[in-house]
Amino acid sequence: TLINNAGVMPMHQEHTQDGFEMQFGVNYLGHFLLTHLLLPILSKSPDARIVHMSSLGHLLGSIRPKTFRGRQWYLMGLSSYGQSKLANVMFSNELAAVLPPNVKSNAVHPGFVDSDFFRNIPKFVYVIWRKILVSPEISANFTVDMALADTWKDRTGEFVSAQGPLPKNPRLKNTITSKKLYELSCRLTGATPITHNA
């Protein structure tokens with residue numbers, strides 16, 4: 001089982017060593033490359049699962065390749081964060097469509113978790129947000145179930161929330177954008193594209 005859980009949300013624009021906007025590089029491209037590197041091992045398991053950590057913030061996102069290396073207007077990074085989380089779900093869906101039946105791919109919004117993730121936001125914002133935050137245990141148990149529980153053994157291509165009903169970005173229905181993002185991500189990372197049910 002692979003759980004892609006690395007995530008950052010800087011308040012000011014930063015870049016990876018490879019020159020990508022930090023959130024796109026860490027929250028998405030890093031997961032993308034790691035997943036491809038581990039697929040030869042995962043594909044040998046009779047019940048392999050890949051869980052992609054996304055967010056309700058994906059609703060703020062759209063896929064704009066011209067911003068992959070930075071934006072003129074950062075605005076606390078909300079659009080960049082949304083793009084990275086939307087990309088995670090699109091990647092999860094693409095994997096679900098092309099991976100062999102023994103490898104499942106799903107995405108999850110873990111809920112608004114009371115964790116150090118919010119350490120960079122202004123304190124007055126955190127005080128307001130904390131009213132809707134859930135404990136790390138609730139989120140972790142939900143994610144672990146997706147990764148290990150029998151109830152998820154035959155489920156793939158889903159995007160769910162640990163905190164109730166989940167509204168979804170209409171852009172997730174655009175399979176052309178998803179495929180273009182996948183192909184571009186392969187070129188950006190040097191990953192070998194997966195052929196259908198390879």
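This structure is a prediction, so every number in the text was calculated from the model and none was measured.
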*Is any NZ, NE, NH1 or NH2 atom of the basic residue among Lys179 and Glu94 found under 4.0 Å from an Asp or Glu carboxylate oxygen of the other?*
yes
*Taking side chain as C-beta onward, heavy atoms only, is Val108 less than 4.5 Å from Ser161?*
no
*How far apart are the closest heavy atoms of Pro46 and Asn102, and which atoms are they?*
O-CB, 3.6 Å
*Contact summary for Gly57 and Tyr81, nearest pair of heavy atoms*: CA-CE2, 4.3 Å
*Are the side chain of Ser55 and the backbone N or O of His109 linked by a donor-acceptor pair below 3.5 Å?*
no
*Arg171: salt bridge (Lys or Arg N to Asp or Glu O under 4.0 Å) partners, not counting sequence neighbours*: none
*Parallel, tilted or perpendicular, as decided by the 30° and 60° cut-offs, for the rings of Phe91 and Tyr182*: parallel
*Side-chain contact, heavy-atom cut-off 4.5 Å: Met146 with Lys104?*
no
*asked:* Can you tell whether the side chains of Lys180 and Glu183 come within less than 4.0 Å, N to carboxylate O?
replied: no
*Would you find a donor on one side and an acceptor on the other, under 3.5 Å apart, between the side chain of Ser105 and the backbone of Ser92?*
yes
*Please lay out, stage by stage, how Ile50 and Leu39 fare under the test side-chain contact (heavy atoms from CB on, under 4.5 Å).*
CA-CA 10 Å; Ile50 305 169; Leu39 276 175; 4.1 Å; yes
*What is the minimum heavy-atom distance between Ser139 and Ala162, and which atoms define it?*
CA-CB, 4.4 Å
_Please check: side-chain N/O of Thr67 versus main-chain N/O of Arg64, any donor-acceptor pairing under 3.5 Å?_
yes
*Excluding sequence neighbours, so at least two apart, what forms side-chain hydrogen bond (donor to acceptor under 3.5 Å, both in side chains) with Thr35?*
Asn4
*asked:* I'd like to check Met11 versus Tyr74 (side-chain heavy atoms, cut-off strictly below 4.5 Å). Are they in contact?
replied: no
*asked:* Applying the side chain to side chain contact (heavy atoms under 4.5 Å, CB included) criterion to Ser84, which one of Val26, Leu29, Asn27 satisfies it?
replied: Asn27
*Measure from the ring center of Phe24 to the ring center of Phe68 and say whether it is less than 6.0 Å.*
yes
*Minimum side-chain heavy-atom gap Ile3-Arg49 below 4.5 Å*: no
*Kindly check if the number of other-residue, nucleotide or ligand heavy atoms within 6.0 Å of CZ (Arg155) is above 12?*
yes
*Check Gly25 against Thr16 and note the closest heavy-atom contact, atom names and distance.*
CA-CG2, 4.0 Å
*asked:* So, applying side chain to side chain contact (heavy atoms under 4.5 Å, CB included) with Leu86, which one of Leu60, Asn169, Leu181 is it?
replied: Asn169
*Which atoms form the tightest heavy-atom contact between Lys168 and His58, and what is the distance?*
CA-NE2, 3.5 Å
_Donor-acceptor contact below 3.5 Å, side chain Asn88 vs main chain Ala107_ = no
*Is it the case that one hydrophobic cluster holds both Phe32 and Phe20, taking links as side-chain heavy atoms less than 4.5 Å apart, direct or via other members?*
yes
